[in-house]
*Asks:* 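Before anything else, here's the structure in question.
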Amino acid sequence: SALIPAKYVYSRLDDLEVGTRVNVYGVVVFFKQPFKSSGTDYCSSLKITDQSNQRIGCNIFLSKLEEHPKIFQVGDIIRMHRVKVCRFNDSVSLINTFGFSAVTFDGSKGEPVEPRTSCQTIHFDEEDQRMVEQLRAWSFNQALLPTAPSVTLSTVQPSAYFDLSCQLLAKAPLDSSCTLLRVWDGTKCPHPLLKVLVDPEMTEGPSSFSPEQENLIANVLVYDNHVEVAEQLKPGDFLRIYNVRAVLGSSKVPGLAGTQTLEQDHLAFHLHRGTAYGRGIRVLPQTSPTVQELKSSHTVFNKHSFAQTTLGSGYCNGTFLLLLLLRKSQLEYCHNCWDYETSAIILLLFLL
DNA sequence: GCTTAGGCTTTG
């Protein structure tokens with residue numbers, strides 16, 4: 001009867017028989033955010049392991065992005081129902097089949113066991129609770145979770161590849177294959193940050209910020225396949241940008257008909273084309289520990305909250321810009337500097 | 001309509 005709850009049996013990863021359809025639990029040791037395949041679906045590519053120490057590759061094809069497993073970092077735990085065991089070359093891999101479902105969990109010992117899923121009605125019982133806790137304990141002993149503190153704008157080393165957790169403030173397409181994401185994480189980068197000149201008309205979100213804010217904002221250039229993902233992002237979103245590269249030195253920036261000059265010795269951030277090394281962008285939910293941490297440990301999100309920096313309309317907008325302009329002119333009078341940003345503010349004042 | 005990808009020796 002449909003009223004009898006399903007009892008799921010989970011296969012160990014060293015006990016997968018090619019051709020069968022199984023349910024599995026595993027710790028994520030590698031993953032790519034869903035990307036467009038050359039077929040009709042998005043593909044999530046990941047590798048998992050369990051107490052058997054086998055490492056099994058999985059490919060999940062689903063047309064709807066929201067149905068893909070919500071994997072945020074290596075060490076996350078994933079449960080998959082109805083995957084087919086395949087053989088590719090000489091190794092066993094898993095692929096989703098009809099009725100597939102995936103649920104993920106934070107992999108840290110002691111964290112509450114909260115299933116992450118887009119599905120409203122998931123099966124989750126005491127056995128699942130136990131499975132997650134056992135995998136967490138095992139994974140902790142195997143040191144499968146990243147232990148080093150995450151890299152921030154204040155600790156990033158030039159020429160490093162790293163995962164950046166941040167808030168998106170504004171974005172602008174620079175050309176057909178490159179989009180600028182203006183982000184901050186609440187920390188101050190010790191290196192001067194690359195400035196990018198963009199057409200305010202093309203910018204989503206504020207097109208200028210106070211000088212104090214500008215000092216905290218990193219410009220991330222995302223290329224090719226990431227442009228499409230960037231289009232879906234909204235200013236205010238919390239993001240993790242995977243395998244972003246910090247580049248110190250001169251940077252050629254596309255846009256404004258190629259007029260942007262090289263800026264020497266500024267730190268630029270690039271998300272290169274492709275999905276190698278897990279390159280990609282993910283929106284983090286408000287409930288994620290990372291977002292909670294960003295909000296609580298860095299007062300910048302409260303002091304200069306996004307709502308306050310977002311330009312409204314009419315009178316308030318004009319007042320905000322006027323104050324911004326006055327503050328800018330005070331700050332810059334001694335430098336005898338009247339930059340593009342100031343000109344843009346004046347232009348906007350006239351338009352309002 | 002029943003494939004798609006099958007990490008990875010990055011770099012505008």
Side-chain angles (χ1 to χ4, degrees), chain A residues 13 16 18 21 26-49 54-65 67-69 71 73-76 78 80 82-100 144 151 156-164 173-181 194 196 219-227 230 241-256 258-263 266-282:
Chain A
L13 298 178
L16 300 175
V18 173
R21 197 163 169 250
V27 180
V28 175
V29 293
F30 171 81
F31 68 102
K32 287 182 179 184
Q33 292 303 327
F35 58 94
K36 261 214 158 100
S37 73
S38 65
T40 57
D41 297 325
Y42 286 96
C43 174
S44 285
S45 206
L46 54 142
K47 193 167 268 182
I48 60 172
T49 189
Q54 287 290 317
R55 293 193 165 211
I56 304 292
C58 316
N59 288 299
I60 297 157
F61 296 98
L62 294 163
S63 57
K64 291 180 187 159
L65 268 179
E67 289 177 359
H68 279 257
I71 304 168
Q73 67 174 347
V74 162
D76 281 356
I78 187 166
M80 290 184 283
R82 300 172 200 94
V83 284
K84 193 173 78 182
V85 183
C86 304
R87 179 171 292 284
F88 175 70
N89 289 338
D90 261 342
S91 53
V92 165
S93 67
L94 298 171
I95 192 164
N96 58 309
T97 61
F98 186 74
F100 168 84
L144 287 178
V151 174
V156 66
Q157 297 297 311
S159 75
Y161 289 89
F162 68 108
D163 297 340
L164 178 63
L174 297 183
D175 65 21
S176 63
S177 66
C178 183
T179 291
L180 170 70
L181 300 182
L194 176 80
V196 183
N219 289 308
V220 184
L221 300 164
V222 311
Y223 294 95
D224 298 330
N225 52 312
H226 308 298
V227 166
I241 308 175
Y242 298 91
N243 197 240
V244 66
R245 184 177 179 227
V247 183
L248 189 61
S250 62
S251 295
K252 201 179 224 163
V253 178
L256 287 180
T259 53
Q260 300 211 40
T261 49
L262 304 175
E263 216 179 352
H266 282 236
L267 202 59
F269 297 92
H270 299 269
L271 183 65
H272 296 301
R273 78 166 74 92
T275 63
Y277 298 92
R279 282 198 288 259
I281 306 172
R282 171 118 217 170

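Because the structure is predicted, anything quoted here is derived from the model rather than measured. Within every chain, numbering begins at 1; the chains are lettered A, B, ... in the order of the sequence lines, protein sequences first and strands thereafter.
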*Asks:* To the nearest angstrom, how far is A/Leu62 atom CG from B/dG1 atom P?
*Replies:*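 Checked: the CG to P distance equals 21 Å.
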
*Asks:* Choosing from B/dG6, B/dC8, B/dG1, which nucleotide comes nearest the side chain of A/Thr40?
*Replies:*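 When the side chain of A/Thr40 is considered, B/dG1 is the closest of B/dG6, B/dC8, B/dG1.
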
*Asks:* What's the closest nucleotide to the A/Phe88 side chain, out of B/dT4, B/dT9, B/dG6?
*Replies:* B/dG6

*Asks:* Do A/Asn89 and B/dG6 share a donor-acceptor pair, side chain to base, under 3.5 Å?
*Replies:* no

*Asks:* Using a cut-off of less than 4.0 Å, is there contact between a side-chain N or O of A/Ser38 and OP1 or OP2 of B/dA5?
*Replies:* yes

*Asks:* Counting side-chain heavy atoms from CB outward, which of B/dG1, B/dG12, B/dT4 is closest to A/Arg273?
*Replies:* B/dG12

*Asks:* Looking at A/Asn59 and B/dT4, is any side-chain donor or acceptor paired with a base atom of the opposite kind under 3.5 Å?
*Replies:* no

*Asks:* Can you name the nearest heavy-atom pair linking A/Thr97 to A/Arg82, along with the distance?
*Replies:* OG1-O, 2.8 Å

*Asks:* What I want to check is whether an N or O donor and acceptor connect the side chain of A/His270 with the base of B/dG12 at under 3.5 Å.
*Replies:*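 Checked by distance alone, the answer is no.
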
*Asks:* I need the CG-C1' distance between A/Asp41 and B/dA5, as an integer number of Å.
*Replies:*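 It is 12 Å, rounded to the nearest whole Å.
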
*Asks:* Between B/dG12 atom P and A/His226 atom NE2, what is the distance in whole Å?
*Replies:* 13 Å

*Asks:* For A/Phe31 and B/dG6, give me the distance from atom CZ to atom C1', rounded to whole Å.
*Replies:*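 It works out to 18 Å between those atoms.
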
*Asks:* Tell me the closest heavy-atom pair linking A/Ile71 and A/Gln33, and the distance in Å.
*Replies:*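 Taking A/Ile71 first and A/Gln33 second, the nearest heavy atoms are O-NE2, 3.2 Å.
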
*Asks:* Quick check for you: among B/dT3, B/dA5, B/dG12, whose closest atom lies nearest to any side-chain atom of A/Phe35?
*Replies:* B/dA5

*Asks:* For A/Tyr223, enumerate each residue passing the side chain to side chain contact (heavy atoms under 4.5 Å, CB included) test, keeping only those at least two apart in sequence or located in another chain.
*Replies:* A/Cys178, A/Leu221, A/His270

*Asks:* Quick check on DNA chain B: between A/Arg279 and A/Ile95, whose nearest nucleotide comes earlier from the 5' end?
*Replies:*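 Mapping each residue to its closest nucleotide by heavy atoms, the 5'-most match is A/Ile95.
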
*Asks:* Using the rule side chain to side chain contact (heavy atoms under 4.5 Å, CB included), only one of A/Thr179, A/Val222, A/Val253 pairs with A/Leu174; which is it?
*Replies:* A/Val253

*Asks:* To the nearest angstrom, how far is A/Tyr242 atom OH from B/dT10 atom P?
*Replies:*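 Checked: the OH to P distance equals 23 Å.
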
*Asks:* Classify the nucleic acid contact of A/Ser45 as base, sugar-phosphate or nothing, counting any heavy atom under 4.0 Å across all strands shown.
*Replies:* sugar-phosphate

*Asks:* Separation of A/Arg21 atom CZ from B/dC2 atom P, in whole Å?
*Replies:* 19 Å

*Asks:* Specify the closest pair of heavy atoms between A/Phe61 and A/Ser37, including all atoms of both residues, with the distance to one decimal.
*Replies:* CE2-CB, 4.4 Å

*Asks:* Which pair of heavy atoms, one from A/Tyr242 and one from A/Leu271, lies closest together, and at what distance?
*Replies:*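 Taking A/Tyr242 first and A/Leu271 second, the nearest heavy atoms are O-CD1, 3.1 Å.
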
*Asks:* Given B/dT10, B/dA5, B/dG7, which nucleotide is nearest the side-chain atoms of A/Tyr161?
*Replies:*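 Output: B/dT10.
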
*Asks:* Could you work out which one of B/dG6, B/dC8, B/dT4 sits closest to the side chain of A/Tyr277?
*Replies:* B/dC8

*Asks:* A/Phe30 CZ to B/dT10 P: how many Å, rounded?
*Replies:* 15 Å

*Asks:* Go through the N and O atoms of the side chain of A/Thr275 and the base of B/dG7, and report whether any donor-acceptor pair is under 3.5 Å.
*Replies:* no

*Asks:* Rounded to the Å, how far apart are A/Asn243 CG and B/dT9 C1'?
*Replies:*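 Result: 13 Å.
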
*Asks:* Hey, is the side chain of A/Lys32 poking within less than 4.0 Å of OP1 or OP2 on B/dA5, counting only N and O atoms?
*Replies:*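 Checking B/dA5 against A/Lys32, no side-chain N or O comes under 4.0 Å of OP1 or OP2.
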
